[in-house]
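Every number for a ligand or one of its atoms is a count from 1 in the order of the listing. Side chains included, hydrogens not; waters and symmetry mates left out as well; all remaining heavy atoms used.
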Amino acid sequence: MIAILPEYAPLSSGLNPHHSKVVHVAVGVIVQSDQVLICWRDASLHQGNRYEFPGGKVEASETPLQALTRELLEEINIQVKKAIRAQQLYFNYPEKTVCLHIFKVTEFEGEPCGQQNQAIRWVNRHELGQYQFPDANAPILPMVLLPDHYVITQSQDHQQTLNQWLDWHSRHTPQQAWLYVRHKQLDASLYQQAIKTLSSQRPDLKLIAMYSQVKTLKPLWPELDSAITGVHLSQRDLMQLDNQMQFNDKVQLPSSWFYFAACHDAASIHQANTLAMDAVLLSPVHATSTHAGQAGLGWAAWQQLCAQSNVPVYALGGIAPDDLGQVHQAGGFGVAGIRAFYQS
Ligand SMILES: Nc1nc2c([nH]c(=O)n2[C@@H]2O[C@H](COP(=O)(O)OP(=O)(O)OP(=O)(O)O)[C@@H](O)[C@H]2O)c(=O)[nH]1
Ligand SMILES: [Mg+2]
């Protein structure tokens, strides 16, 4: 969901995040199954007379997470127990530049209650678009729809026909999964067939198509828009795009899609920030048999790169669903993978 506006000021535009004029704000998107908590923002406040996610300014002595914990206690009287680092949104309002440190809060103690008489309400995460938020908030709406798990198709083995490969994925992919349909050997028409087959056999899945295939398919197959949820760019695809304008103009892909990009280094993360990808897959955490000869980054290097991303980061490369807690500890958002993610 490319939501970039000229007011968004990613690091690459020359804005220094440590510049004293940037107001750092910790913001909590509190999620309980499909419900998200929103609060009314009084008309007297900056960007008031709208809904907001609770939070406030980070004080000089605090980390964003400490500020989040303090603000959520002060504003809605809850104790944050688990907060996942999700996004950093730099935005130039006419009056000031803010950096919103967005956390997804999944565990807390206490019953949320407006401590400044502000109205609060739980709304369905699919219906957030019906409410008006401060201008900087647009990328939060797609973020709350992102899954914890991002599943990638297995490679088609030599003894398998395409139909057998599709059948296998139809039978083994978990319910409601987001499935990246990765198949480098198919030409555009077979790839289209594969997407059609999977979306009819498993309408519950959210299919992510290869960006390189979609560029060719798009003019030929208008229904593609509704068959897939998003596209996945390789690091190479990502680095070949010069700027946002080029991305939208050249390929004319719908802005309602989710854009995922593979990243392996700091330059590609920087590019994903600039192009406002919805999420990145940072790999490989560990060496794997699918990418023989490629060394793993290891958690320490992975965490350092992850910290440079302004968009949600999935860990990929020798990762299993059980690693989600460790990924959150390292500042990541979700887990991605191949073998470990299927049902037997
Ligand atoms: N809390 C919050 N602030 C937001 C959001 N989106 C957004 O642009 N902001 C901006 O972030 C800035 C700081 O937020 P705030 O007004 O909550 O700060 P605060 O709780 O420390 O308030 P205070 O300075 O009155 O004590 C404001 O300029 C506000 O417009 C949002 O969703 N939640
Ligand atoms: Mg506040």
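- Residue contacts with ligand 1 include F53, since one or more of its heavy atoms lies under 4.0 Å from the ligand.
- Neither the backbone nor the side chain of F133 comes within 4.0 Å of ligand 1, counting heavy atoms alone.
- For atom 20 (O) of ligand 1, the nearest protein heavy atom (residue, atom name, distance) is E75 OE2, 3.0 Å.
- Nearest to atom 28 (O) of ligand 1 among the protein's heavy atoms is H46 ND1, 2.6 Å.
- Using a 4.5 Å cut-off on side-chain heavy atoms (C-beta onward), V27 and N137 make no contact.
- Here the side chains of H172 and Q154 are not in contact, with every heavy-atom distance at 4.5 Å or above.
- Looking only at distances, no side-chain donor or acceptor of Y180 sits under 3.5 Å from a matching main-chain atom of F260.
- In this structure, atom 33 (N) of ligand 1 has protein heavy atoms in its sub-4.0 angstrom surroundings.
- For the pair E52 and E75, the minimum side-chain heavy-atom distance is below 4.5 Å.
- Comparing C39, G28, G56 by heavy-atom distance to atom 19 (P) of ligand 1, the nearest is G56.
- One option in Q47, R41, E52 has a heavy atom closer to atom 29 (C) of ligand 1 than any other, and that option is R41.
- Counting just the N/O/S atoms of E75, the one with the shortest distance to the Mg ion (ligand 2) is named OE2.
- Within the structure, the closest approach of Y93 to ligand 1 falls below 4.0 Å when heavy atoms are considered.
- Of the protein's non-hydrogen atoms, L100 CD2, 4.3 Å is the one closest to atom 4 (C) of ligand 1.
- Within the 2.8 Å limit, G55 places at least one N, O or S atom next to the Mg ion (ligand 2).
- The protein atom (non-hydrogen) at minimum distance from atom 17 (O) of ligand 1 is G55 O, 3.0 Å.
- Of the protein's non-hydrogen atoms, the one nearest atom 11 (O) of ligand 1 is V25 CG2, 3.4 Å.
- For atom 5 (C) of ligand 1, the closest non-hydrogen atom on the protein side is N137 OD1, 3.7 Å.
- Taking 4.0 Å as the cut-off, E95 does not count as a neighbour of ligand 1 on heavy-atom distance.
- Of the protein's heavy atoms, K57 NZ, 2.4 Å lies nearest to atom 24 (O) of ligand 1.
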